[in-house]
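Note that these values count all heavy atoms, side chains included, but never hydrogens, waters or copies made by symmetry. The structure presented is a predicted model; accordingly, all values stated were derived computationally and were not measured. In what follows, chains are A, B, ... by sequence order, proteins preceding strands, each numbered from 1.
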Protein chains: 4
Amino acid sequence: MKHSEIKDHIIKTASHLFYHKGYNLTGINEIISEAGIAKATLYNHFKSKEDICLAYLQYKNSAFLTKIKEVCASKKKGIGQVLAVFDFLEAFFKDKDFNGCWCINTISELPKENQRIRSEIQQQKNSLINFLTELVGQNLPDHSTLEQQKLAKQIYLLYEGAVAESHLHQNDWPITSARELCNSIIN
Amino acid sequence: MKHSEIKDHIIKTASHLFYHKGYNLTGINEIISEAGIAKATLYNHFKSKEDICLAYLQYKNSAFLTKIKEVCASKKKGIGQVLAVFDFLEAFFKDKDFNGCWCINTISELPKENQRIRSEIQQQKNSLINFLTELVGQNLPDHSTLEQQKLAKQIYLLYEGAVAESHLHQNDWPITSARELCNSIIN
Amino acid sequence: MKHSEIKDHIIKTASHLFYHKGYNLTGINEIISEAGIAKATLYNHFKSKEDICLAYLQYKNSAFLTKIKEVCASKKKGIGQVLAVFDFLEAFFKDKDFNGCWCINTISELPKENQRIRSEIQQQKNSLINFLTELVGQNLPDHSTLEQQKLAKQIYLLYEGAVAESHLHQNDWPITSARELCNSIIN
Amino acid sequence: MKHSEIKDHIIKTASHLFYHKGYNLTGINEIISEAGIAKATLYNHFKSKEDICLAYLQYKNSAFLTKIKEVCASKKKGIGQVLAVFDFLEAFFKDKDFNGCWCINTISELPKENQRIRSEIQQQKNSLINFLTELVGQNLPDHSTLEQQKLAKQIYLLYEGAVAESHLHQNDWPITSARELCNSIIN
DNA sequence: GATGAATGAGAGTTCATTCAT
DNA sequence: TATGAATGAACTCTCATTCAT
């Protein structure tokens with residue numbers, strides 16, 4: 001395995017564990033034994049557990065953005081492309097891999113002082129808002145830019161609420177509910 | 001101090017620490033040193049750390065429900081009483097004690113297997129939905145019962161989203177945004 | 001309940017726990033909750049856990065001597081009365097309450113320095129040897145006093161081995177085997 | 001020090017403490033400070049205290065079997081080789097390291113539920129019975145196989161009784177007594 | 001005489017990280 | 001570069017005993 005392949009392998013292994021068991025509840029030992037590497041090898045690729053956390057967040061977000069954009073693009077232009085974010089979420093929720101939002105999960109586990117992770121998470125959320133703003137811009141051209149921005153934030157709020165609550169209640173009604181509400185404001 | 005006073009004292013101390021530092025990052029040692037009691041004293045009052053966690057959640061929720069009901073009741077009957085949940089949240093957010101939702105924070109830190117805490121949290125969220133349903137029922141009597149229930153869930157989603165996102169972004173725009181969206185659907 | 005009745009109640013409760021769970025593995029809390037008394041009440045009757053241990057040993061030994069003498073006395077005079085110690089043991093072993101020898105069990109759990117308990121146990125064992133010496137003296141009068149003493153000690157050894165090994169192997173072959181060997185030396 | 005050397009070092013240190021102070025009365029802290037290693041180092045070599053206990057029992061038994069076989073083999077073939085088990089015991093008793101039987105001592109300290117340790121101990125005892133059966137088979141060839149097995153079990157009982165009682169009474173008369181009785185049944 | 005709340009000391013175990021090889 | 005052994009600090013929890021009431 002090449003150097004970067006090992007790193008990828010570590011990130012994937014750690015991501016699965018962090019996402020499903022939680023950051024603090026996943027030990028370094030678990031990561032290395034799952035990844036089948038030596039402890040020092042892990043520390044050759046990452047300075048600390050926190051660095052792996054950062055890589056985990058980026059890995060998750062990157063895959064997420066790719067997928068959600070894909071799903072939206074697959075729909076016919078117009079309102080449907082906007083509502084597609086909830087179609088994506090519905091599928092995401094039904095996937096056995098679903099365990100809520102990695103950002104929310106992670107931020108809850110870290111001390112307030114940890115600015116490094118916190119700002120990464122804020123950036124990720126901003127990138128989602130940006131995507132939604134573009135999506136609204138492209139598909140609801142009749143609204144003013146200001147209104148588009150306002151709508152994007154509201155959809156973002158609905159999306160975030162739906163992720164968290166479908167996870168918490170283990171039920172997809174929050175997604176349905178958010179979708180309906182979204183539909184009513186973009187018509 | 002009487003038995004129950006000590007217990008209350010422990011709950012308050014632990015609650016502050018759990019809420020602000022996180023459950024896993026708060027050690028028993030920190031709780032006892034902050035509370036000024038011996039370790040065994042704590043364990044005379046609580047069987048385990050998890051039991052303290054449960055008491056913490058209940059303490060938080062109880063205070064929360066009291067306060068939000070108070071704020072809503074203080075407004076003039078009608079739409080205002082419904083929107084008041086966001087007034088409450090605005091004040092909550094501005095309080096220096098604000099650190100997001102204790103339920104969301106806590107559930108992120110616990111293993112999936114922990115059904116005891118998870119179901120407490122689900123119950124708390126359901127009690128909020130129930131409150132919102134009553135609130136809508138009393139203040140928006142023109143809607144059908146079914147529509148009232150749907151509205152309550154949507155407001156719940158907006159509220160939850162606003163809590164999480166104002167916390168995450170350290171900014172109150174999500175509250176304002178949720179309030180506006182709420183306003184638009186109840187008019 | 002009278003003072004001495006409470007004491008008896010504590011001894012019986014503690015004895016059951018000590019005998020079945022072991023001395024160190026039985027906590028004071030377990031004793032009081034099982035006995036239904038307050039912690040300080042226990043300490044009003046016993047200076048320390050060690051004192052309860054002493055009372056436990058004496059309680060066990062006293063009941064044991066009474067019973068074994070009873071069983072032996074119930075047999076027709078002669079060899080049968082001697083072999084009856086193994087009849088007693090057989091019945092003891094089959095009792096669901098059987099958990100080996102309290103003396104051996106207890107001495108294994110205590111530091112060498114604890115002379116108080118150790119000498120109590122040695123006394124108990126000597127009282128058993130004395131009983132066996134009497135038993136042999138009364139039932140095997142053809143042997144010399146010296147031979148009787150030697151026989152008594154050998155029977156004691158066989159008895160002790162049979163108790164320990166039937167307990168360890170959870171099987172009564174050691175009792176049968178000891179009985180046979182005993183039979184062969186007293187004929 | 002190599003990995004296995006450290007492990008051996010831990011086993012030896014723990015064995016000495018377990019055997020002389022008892023399993024429950026020996027803390028992990030005592031083992032590590034005596035062994036001069038860090039706590040986590042110990043837990044890198046052993047999963048739990050119970051695992052160290054198992055290694056202790058095996059270490060003791062292995063040394064015991066080696067030694068007793070050696071002593072028996074050193075005698076001239078015949079009755080003497082059988083009686084040699086008590087010669088071994090006599091020497092064992094006189095050794096300042098003598099503290100009774102590790103199996104009996106340990107089993108007394110453990111909860112009934114601990115099948116892992118209990119079965120190890122039963123195995124060890126069975127291996128002793130097997131050795132005695134071989135010994136009798138080789139040195140008392142005139143007896144039938146059945147009689148040999150019966151004899152072996154009786155000698156086992158005598159041996160076990162002698163170990164426990166010499167330890168309890170801190171006197172070697174039980175060994176002498178057992179030896180004589182053994183002598184009388186194999187002639 | 002009876003209570004139950006409080007305690008200091010210590011239990012076994014796990015953690016992320018480092019370092020010599 | 002890759003390793004695995006070693007670590008100090010922290011973890012949750014339990015113990016027998018005491019003391020004010």
Side-chain angles (χ1 to χ4, degrees), chain A residues 1-3 6-7 23-33 37-53, chain B residues 1-7 10 23-32 35-53, chain C residues 1-3 6-7 23-33 37-53, chain D residues 1-7 10 23-32 35-53:
Chain A
M1 242 194 277
K2 282 200 340 225
H3 184 84
I6 293 190
K7 189 156 189 168
Y23 176 67
N24 285 320
L25 265 41
T26 301
I28 291 287
N29 285 326
E30 213 166 344
I31 298 173
I32 59 165
S33 89
I37 56 166
K39 196 169 281 195
T41 303
L42 183 143
Y43 276 94
N44 281 337
H45 288 85
F46 294 94
K47 216 171 87 285
S48 67
K49 194 187 179 188
E50 193 184 301
D51 279 27
I52 309 177
C53 184
Chain B
M1 242 192 277
K2 281 193 352 215
H3 182 85
S4 63
E5 286 174 342
I6 277 273
K7 191 155 187 167
I10 294 171
Y23 176 66
N24 286 321
L25 265 37
T26 302
I28 291 289
N29 286 325
E30 212 167 343
I31 299 173
I32 61 167
I37 57 169
K39 199 171 283 192
T41 302
L42 183 145
Y43 278 96
N44 281 340
H45 289 270
F46 294 93
K47 226 172 77 282
S48 66
K49 194 188 179 188
E50 192 184 300
D51 278 27
I52 309 177
C53 183
Chain C
M1 242 195 278
K2 286 203 332 231
H3 185 83
I6 292 189
K7 189 155 189 170
Y23 176 67
N24 285 320
L25 264 40
T26 302
I28 291 287
N29 285 327
E30 214 167 343
I31 298 173
I32 60 166
S33 90
I37 57 168
K39 197 170 283 194
T41 303
L42 183 143
Y43 277 94
N44 281 338
H45 287 86
F46 294 94
K47 216 170 87 287
S48 67
K49 194 188 179 189
E50 192 184 301
D51 280 27
I52 310 177
C53 184
Chain D
M1 243 194 277
K2 285 201 340 228
H3 183 83
S4 64
E5 287 174 342
I6 277 273
K7 190 156 189 170
I10 295 172
Y23 176 66
N24 286 321
L25 265 39
T26 301
I28 291 288
N29 286 325
E30 214 167 343
I31 298 173
I32 59 166
I37 56 169
K39 200 172 279 197
T41 302
L42 184 145
Y43 277 94
N44 280 340
H45 288 270
F46 293 94
K47 225 172 76 279
S48 66
K49 194 189 179 189
E50 192 184 300
D51 278 28
I52 309 178
C53 184

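If you measure from atom CG of A:Leu25 to atom C1' of E:dA16, you get 15 Å, rounded to the nearest angstrom. Computed from coordinates, the D:Asn24 CG to F:dT14 C1' distance equals 13 Å when rounded to whole Å. Atom CD1 of B:Ile37 and atom C1' of E:dA5 are 11 Å apart (whole Å). D:Ile31 places its CD1 atom 11 Å from the C1' atom of E:dG12, with the value rounded to the nearest Å. In this entry the distance linking CD of D:Glu5 with C1' of F:dA6 reads 15 Å, nearest Å. For the pair D:Ile6 CD1 and F:dT7 P, the interatomic distance rounds to 7 Å; values are reported in whole Å. D:Ile28 has its CD1 atom 17 Å from the C1' atom of E:dA9, to the nearest Å. Nucleotide F:dG4 holds its P atom 15 Å from the NZ atom of D:Lys7, rounded to whole Å.
Between B:Glu50 and D:Gly36, the one whose closest nucleotide on DNA chain F sits nearer the 5' end is D:Gly36. Along DNA chain E, the nucleotide nearest to A:Lys49 and the one nearest to B:Leu42 differ in position, and the one closer to the 5' end is contacted by B:Leu42. Nearest-nucleotide assignment on DNA chain F puts the 5′-proximal partner with A:Ala38, out of A:Ala38 and B:Tyr23. Across the interface with DNA chain E, nearest-nucleotide mapping of A:Glu30 and D:Asn29 shows D:Asn29 to be the residue nearer the 5′ end.
Annotation for A:Asn29 and A:Lys39: closest pair OD1-NZ, 2.7 Å, computed over non-hydrogen atoms. Nearest heavy atom pair, residue D:Phe46 against residue D:Ile10, reads CE1-CG2, 3.6 Å. Here the closest non-hydrogen pair linking A:His45 and A:Lys7 is O-NZ, 3.5 Å. The two residues A:Cys53 and A:Tyr23 come nearest to each other via the heavy atoms CB-CE1, 3.5 Å. What you find for D:Lys49 and D:Thr26 is that their closest heavy atoms are NZ-O, 2.9 Å.
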Tabulated below should be each protein N or O lying under 3.5 Å from an N or O of nucleotides 18-20 of chain F; please produce it.
none

- Task: Can you run through DNA chain F from 5' to 3' and write each base as (, ), [, ], | or . depending on how it pairs? Watson-Crick or G-U wobble, both distances under 3.5 Å.
- Result: .||||||||||||||||||||

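Across A:Asn44, A:Ile31, A:Ile32, a single residue satisfies side chain to side chain contact (heavy atoms under 4.5 Å, CB included) together with A:Ile37, and that is A:Ile32.
Residue-to-nucleotide contacts include no donor-acceptor pair under 3.5 Å from the side chain of B:Asn44 to the base of E:dA5.
Side-chain N/O atoms of C:His45 include none lying less than 4.0 angstrom from OP1 or OP2 on E:dG1. Taking 4.0 angstrom as the limit, C:Thr41 places a side-chain polar atom (N or O) nearer than this to OP1 or OP2 of E:dT3.
Residues A:Leu42 and A:Ile52 form a side-chain contact, since some pair of their non-hydrogen atoms from C-beta on lies under 4.5 Å apart.
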